[in-house]
Amino acid sequence: MARQNKNRIMEIRNRLKAKYPHVKTQLNHKNGFQLLVATILSAQCTDRQVNSVTPILFSKLATPEDFAAVPIERLEAMVRSTGFYKNKARHIQNCARSLIENFNGRVPDNIEDLTRLPGVGRKTANVVLGSAFGVPAMVVDTHVTRISKRLGLTKHKDATKIEFDLVKIIPKEDWNDFSLWLIYFGRAVCKARKPDCPNCFLEDLCKSGDKRE
DNA sequence: AACTCGGGGCA
DNA sequence: TGCCCAGAGTT
(Lines give C-alpha, C1' and ligand atoms only; values in the text may rest on other atoms or scores of the structure.)
Protein backbone atom coordinates (compact mmCIF):
# COMPACT_ATOMS: atom_id res chain seq x y z
CA MET A 1 0.00 0.00 0.00
CA ALA A 2 2.61 2.54 1.11
CA ARG A 3 4.96 0.79 -1.30
CA GLN A 4 2.51 1.32 -4.14
CA ASN A 5 2.14 5.00 -3.31
CA LYS A 6 5.90 5.37 -3.37
CA ASN A 7 6.01 3.94 -6.87
CA ARG A 8 3.25 6.29 -7.91
CA ILE A 9 5.17 9.29 -6.59
CA MET A 10 8.33 8.21 -8.39
CA GLU A 11 6.37 7.80 -11.61
CA ILE A 12 4.99 11.33 -11.17
CA ARG A 13 8.54 12.55 -10.62
CA ASN A 14 9.85 10.72 -13.69
CA ARG A 15 7.19 12.10 -15.98
CA LEU A 16 7.64 15.66 -14.72
CA LYS A 17 11.38 15.40 -15.24
CA ALA A 18 10.89 14.04 -18.76
CA LYS A 19 8.40 16.78 -19.59
CA TYR A 20 10.42 19.69 -18.20
CA PRO A 21 14.04 18.57 -18.60
CA HIS A 22 15.76 21.90 -18.05
CA VAL A 23 13.70 24.06 -15.78
CA LYS A 24 15.39 27.08 -14.34
CA THR A 25 14.38 30.06 -12.31
CA GLN A 26 13.26 33.21 -14.10
CA LEU A 27 14.65 35.33 -11.28
CA ASN A 28 18.25 34.86 -12.23
CA HIS A 29 20.49 37.45 -10.62
CA LYS A 30 24.18 36.92 -10.00
CA ASN A 31 24.09 39.13 -6.94
CA GLY A 32 22.52 37.49 -3.89
CA PHE A 33 21.10 40.74 -2.58
CA GLN A 34 19.52 41.66 -5.88
CA LEU A 35 18.06 38.18 -6.15
CA LEU A 36 16.56 38.67 -2.69
CA VAL A 37 15.02 41.98 -3.77
CA ALA A 38 13.67 40.44 -6.98
CA THR A 39 12.19 37.56 -5.02
CA ILE A 40 10.43 39.84 -2.56
CA LEU A 41 9.04 41.72 -5.55
CA SER A 42 7.82 38.47 -7.12
CA ALA A 43 5.13 37.93 -4.49
CA GLN A 44 1.70 37.69 -6.11
CA CYS A 45 2.85 38.87 -9.50
CA THR A 46 4.38 37.35 -12.61
CA ASP A 47 8.10 37.01 -13.23
CA ARG A 48 7.50 39.21 -16.26
CA GLN A 49 6.36 42.06 -14.05
CA VAL A 50 9.46 41.65 -11.90
CA ASN A 51 11.79 41.47 -14.87
CA SER A 52 10.24 44.64 -16.26
CA VAL A 53 11.33 46.71 -13.24
CA THR A 54 14.57 45.14 -12.01
CA PRO A 55 16.95 46.38 -14.76
CA ILE A 56 16.13 50.05 -14.20
CA LEU A 57 15.80 49.50 -10.45
CA PHE A 58 19.27 47.97 -10.09
CA SER A 59 20.81 50.51 -12.42
CA LYS A 60 19.79 53.19 -9.92
CA LEU A 61 20.09 51.21 -6.69
CA ALA A 62 22.56 48.35 -6.41
CA THR A 63 23.63 47.80 -2.82
CA PRO A 64 21.85 47.42 0.53
CA GLU A 65 23.21 50.88 1.39
CA ASP A 66 21.52 52.33 -1.69
CA PHE A 67 18.17 50.80 -0.74
CA ALA A 68 18.53 51.82 2.88
CA ALA A 69 19.07 55.47 1.95
CA VAL A 70 16.60 56.03 -0.88
CA PRO A 71 13.40 57.99 -0.09
CA ILE A 72 10.60 55.49 0.29
CA GLU A 73 8.36 57.32 -2.18
CA ARG A 74 10.99 56.91 -4.85
CA LEU A 75 11.34 53.20 -4.14
CA GLU A 76 7.55 52.82 -4.22
CA ALA A 77 7.38 54.50 -7.60
CA MET A 78 10.05 52.23 -9.03
CA VAL A 79 8.33 48.99 -8.02
CA ARG A 80 4.76 50.16 -8.47
CA SER A 81 3.95 47.93 -11.44
CA THR A 82 4.59 44.74 -9.44
CA GLY A 83 1.56 45.29 -7.23
CA PHE A 84 1.42 45.56 -3.43
CA TYR A 85 4.11 48.12 -4.03
CA LYS A 86 3.90 50.04 -0.76
CA ASN A 87 4.34 46.87 1.27
CA LYS A 88 7.11 45.62 -0.96
CA ALA A 89 9.01 48.91 -0.96
CA ARG A 90 8.85 49.11 2.83
CA HIS A 91 9.87 45.46 3.23
CA ILE A 92 12.80 45.85 0.84
CA GLN A 93 14.09 48.95 2.57
CA ASN A 94 13.77 47.43 6.05
CA CYS A 95 15.38 44.31 4.70
CA ALA A 96 18.36 46.27 3.40
CA ARG A 97 18.71 48.01 6.76
CA SER A 98 18.55 44.72 8.63
CA LEU A 99 21.21 43.20 6.38
CA ILE A 100 23.50 46.15 7.09
CA GLU A 101 22.82 46.09 10.81
CA ASN A 102 22.82 42.36 11.47
CA PHE A 103 24.61 40.60 8.64
CA ASN A 104 27.35 42.95 7.53
CA GLY A 105 25.43 43.67 4.34
CA ARG A 106 25.48 40.05 3.21
CA VAL A 107 22.47 37.84 2.50
CA PRO A 108 22.35 35.01 5.05
CA ASP A 109 22.43 31.49 3.66
CA ASN A 110 20.15 29.71 6.12
CA ILE A 111 16.39 29.54 6.49
CA GLU A 112 16.26 30.84 10.07
CA ASP A 113 18.08 34.09 9.40
CA LEU A 114 16.39 34.61 6.05
CA THR A 115 12.86 34.27 7.43
CA ARG A 116 13.72 36.72 10.18
CA LEU A 117 14.24 39.45 7.56
CA PRO A 118 11.32 41.83 6.96
CA GLY A 119 9.17 40.71 4.05
CA VAL A 120 10.89 37.35 3.77
CA GLY A 121 8.68 34.35 4.49
CA ARG A 122 9.36 30.69 3.98
CA LYS A 123 8.75 30.74 0.24
CA THR A 124 10.98 33.71 -0.49
CA ALA A 125 13.68 32.26 1.76
CA ASN A 126 13.61 28.93 -0.04
CA VAL A 127 13.78 30.60 -3.44
CA VAL A 128 16.88 32.48 -2.33
CA LEU A 129 18.46 29.36 -0.85
CA GLY A 130 17.89 27.44 -4.05
CA SER A 131 18.74 30.11 -6.61
CA ALA A 132 21.44 32.14 -4.88
CA PHE A 133 23.19 29.45 -2.85
CA GLY A 134 22.36 26.26 -4.71
CA VAL A 135 21.04 24.66 -1.53
CA PRO A 136 18.31 22.02 -1.89
CA ALA A 137 15.08 23.86 -1.03
CA MET A 138 11.43 22.98 -1.58
CA VAL A 139 9.50 26.09 -2.57
CA VAL A 140 5.78 25.82 -1.79
CA ASP A 141 3.74 28.42 -3.60
CA THR A 142 0.12 28.46 -4.77
CA HIS A 143 0.89 26.12 -7.70
CA VAL A 144 2.76 23.62 -5.55
CA THR A 145 0.04 23.76 -2.91
CA ARG A 146 -2.80 23.22 -5.37
CA ILE A 147 -1.13 20.46 -7.37
CA SER A 148 0.24 18.60 -4.35
CA LYS A 149 -3.29 18.35 -3.02
CA ARG A 150 -4.74 17.27 -6.36
CA LEU A 151 -2.06 14.62 -6.80
CA GLY A 152 -2.61 13.39 -3.27
CA LEU A 153 0.94 14.18 -2.11
CA THR A 154 -0.38 15.97 0.99
CA LYS A 155 -3.59 16.51 2.88
CA HIS A 156 -2.50 19.74 4.50
CA LYS A 157 -3.32 23.25 3.36
CA ASP A 158 -0.67 25.05 5.37
CA ALA A 159 2.35 25.70 3.13
CA THR A 160 4.91 24.82 5.79
CA LYS A 161 3.26 21.48 6.51
CA ILE A 162 3.07 20.77 2.79
CA GLU A 163 6.76 21.56 2.51
CA PHE A 164 7.55 19.02 5.24
CA ASP A 165 5.38 16.40 3.55
CA LEU A 166 7.07 16.93 0.19
CA VAL A 167 10.66 16.82 1.44
CA LYS A 168 9.84 13.47 3.00
CA ILE A 169 8.67 11.87 -0.24
CA ILE A 170 10.80 13.65 -2.87
CA PRO A 171 14.54 12.88 -3.11
CA LYS A 172 16.66 15.81 -1.95
CA GLU A 173 18.46 16.15 -5.28
CA ASP A 174 15.07 16.90 -6.89
CA TRP A 175 13.82 19.54 -4.44
CA ASN A 176 14.84 22.58 -6.44
CA ASP A 177 13.58 21.16 -9.71
CA PHE A 178 10.40 19.71 -8.24
CA SER A 179 8.96 23.09 -7.29
CA LEU A 180 9.78 24.43 -10.76
CA TRP A 181 8.25 21.38 -12.44
CA LEU A 182 4.99 21.93 -10.59
CA ILE A 183 5.02 25.65 -11.40
CA TYR A 184 5.51 24.97 -15.12
CA PHE A 185 2.92 22.20 -14.96
CA GLY A 186 0.53 24.45 -13.04
CA ARG A 187 0.74 27.18 -15.63
CA ALA A 188 0.34 24.94 -18.66
CA VAL A 189 -1.93 22.09 -17.52
CA CYS A 190 -2.98 21.87 -13.89
CA LYS A 191 -4.42 25.36 -13.71
CA ALA A 192 -6.40 26.66 -10.77
CA ARG A 193 -9.74 27.18 -12.47
CA LYS A 194 -9.77 25.16 -15.68
CA PRO A 195 -7.29 22.32 -15.41
CA ASP A 196 -6.68 20.66 -18.77
CA CYS A 197 -7.30 17.14 -17.48
CA PRO A 198 -8.02 15.58 -20.91
CA ASN A 199 -4.50 16.50 -22.04
CA CYS A 200 -2.79 15.84 -18.72
CA PHE A 201 0.15 13.43 -18.73
CA LEU A 202 -0.43 12.62 -15.07
CA GLU A 203 -4.16 12.00 -15.19
CA ASP A 204 -3.91 8.25 -14.52
CA LEU A 205 -1.86 8.99 -11.40
CA CYS A 206 -4.04 11.82 -10.08
CA LYS A 207 -6.11 11.50 -6.92
CA SER A 208 -8.37 14.48 -7.40
CA GLY A 209 -10.95 12.80 -9.64
CA ASP A 210 -13.70 15.24 -10.44
CA LYS A 211 -13.22 17.36 -7.36
CA ARG A 212 -10.44 19.47 -8.85
CA GLU A 213 -9.54 20.89 -5.53
C1' DA B 1 -8.02 31.31 10.08
C1' DA B 2 -9.30 35.46 7.90
C1' DC B 3 -8.08 39.87 6.15
C1' DT B 4 -5.33 43.40 3.67
C1' DC B 5 -2.38 45.05 0.25
C1' DG B 6 -2.71 45.84 -5.99
C1' DG B 7 -1.17 46.57 -10.74
C1' DG B 8 -0.79 43.89 -14.88
C1' DG B 9 -1.89 40.11 -18.12
C1' DC B 10 -5.03 37.31 -20.30
C1' DA B 11 -9.43 34.87 -21.82
C1' DT C 1 -15.06 42.12 -16.92
C1' DG C 2 -13.33 38.46 -14.02
C1' DC C 3 -9.76 36.00 -12.37
C1' DC C 4 -4.95 34.77 -11.36
C1' DC C 5 -0.06 35.91 -10.29
C1' DA C 6 7.16 31.66 -7.35
C1' DG C 7 3.23 36.01 -0.41
C1' DA C 8 3.82 38.17 4.02
C1' DG C 9 2.24 40.74 8.08
C1' DT C 10 -1.32 41.73 11.28
C1' DT C 11 -5.22 40.73 14.13
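Order of the sequence lines fixes the chain letters, A, B, ..., with proteins taken first and strands second; residue numbering starts at 1 for each chain. Keep in mind that the numbers below use all heavy atoms, side chains included, and drop hydrogens, waters and symmetry copies.
With sequence neighbours left out, A/Thr160 forms a side-chain hydrogen bond (donor to acceptor under 3.5 Å, both in side chains) with no residue at all. For A/Arg8, the salt bridge (charged side-chain N to carboxylate O under 4.0 Å, His left out) test picks out no residue, with sequence neighbours left out. Taking the ring pair (Phe, Tyr, Trp, His ring centres under 6.0 Å) definition, one finds that A/Tyr20 meets it with A/Tyr184, sequence neighbours left out. Contacts of A/Phe164 classified as ring pair (Phe, Tyr, Trp, His ring centres under 6.0 Å), with partners at least two apart in sequence or in another chain: none. With sequence neighbours left out, the ring pair (Phe, Tyr, Trp, His ring centres under 6.0 Å) criterion links A/Phe33 to A/Phe67. Applying the side-chain hydrogen bond (donor to acceptor under 3.5 Å, both in side chains) criterion to A/Asp158, with sequence neighbours excluded, gives no partner residue. Under the rule for a salt bridge (charged side-chain N to carboxylate O under 4.0 Å, His left out), the partners of A/Glu11 that lie at least two apart in sequence or sit in another chain are A/Arg15. Residues satisfying the side-chain hydrogen bond (donor to acceptor under 3.5 Å, both in side chains) test with A/Glu203, not counting sequence neighbours, are none.
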Under 3.5 Å, which N/O atoms of the protein pair with N/O atoms of nucleotides 9-11 of chain B?
residue : atom : partner : partner atom : Å
B/dC10  : OP1  : A/Arg48 : NH1          : 3.3

Below 3.5 Å between N/O atoms, which protein atoms pair up with nucleotides 1-4 of chain B? Just atom names and distances, please.
none

Might you list the N or O atoms of the protein lying below 3.5 Å from N or O atoms in nucleotides 9-11 of chain C, with each pair's distance?
residue : atom : partner  : partner atom : Å
C/dG9   : OP1  : A/Gly119 : N            : 2.8

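The stretch residues 88-108 of chain A participates, sequence neighbours left out, in no salt bridge (Lys or Arg N to Asp or Glu O under 4.0 Å) pair at all.
Ion pairing between A/Asp174 and A/Arg13 holds under the 4.0 Å rule for side-chain N and carboxylate O.
Here the side chain of A/Ile183 is nearest to one of B/dG8, C/dG7, C/dA6, namely C/dA6.
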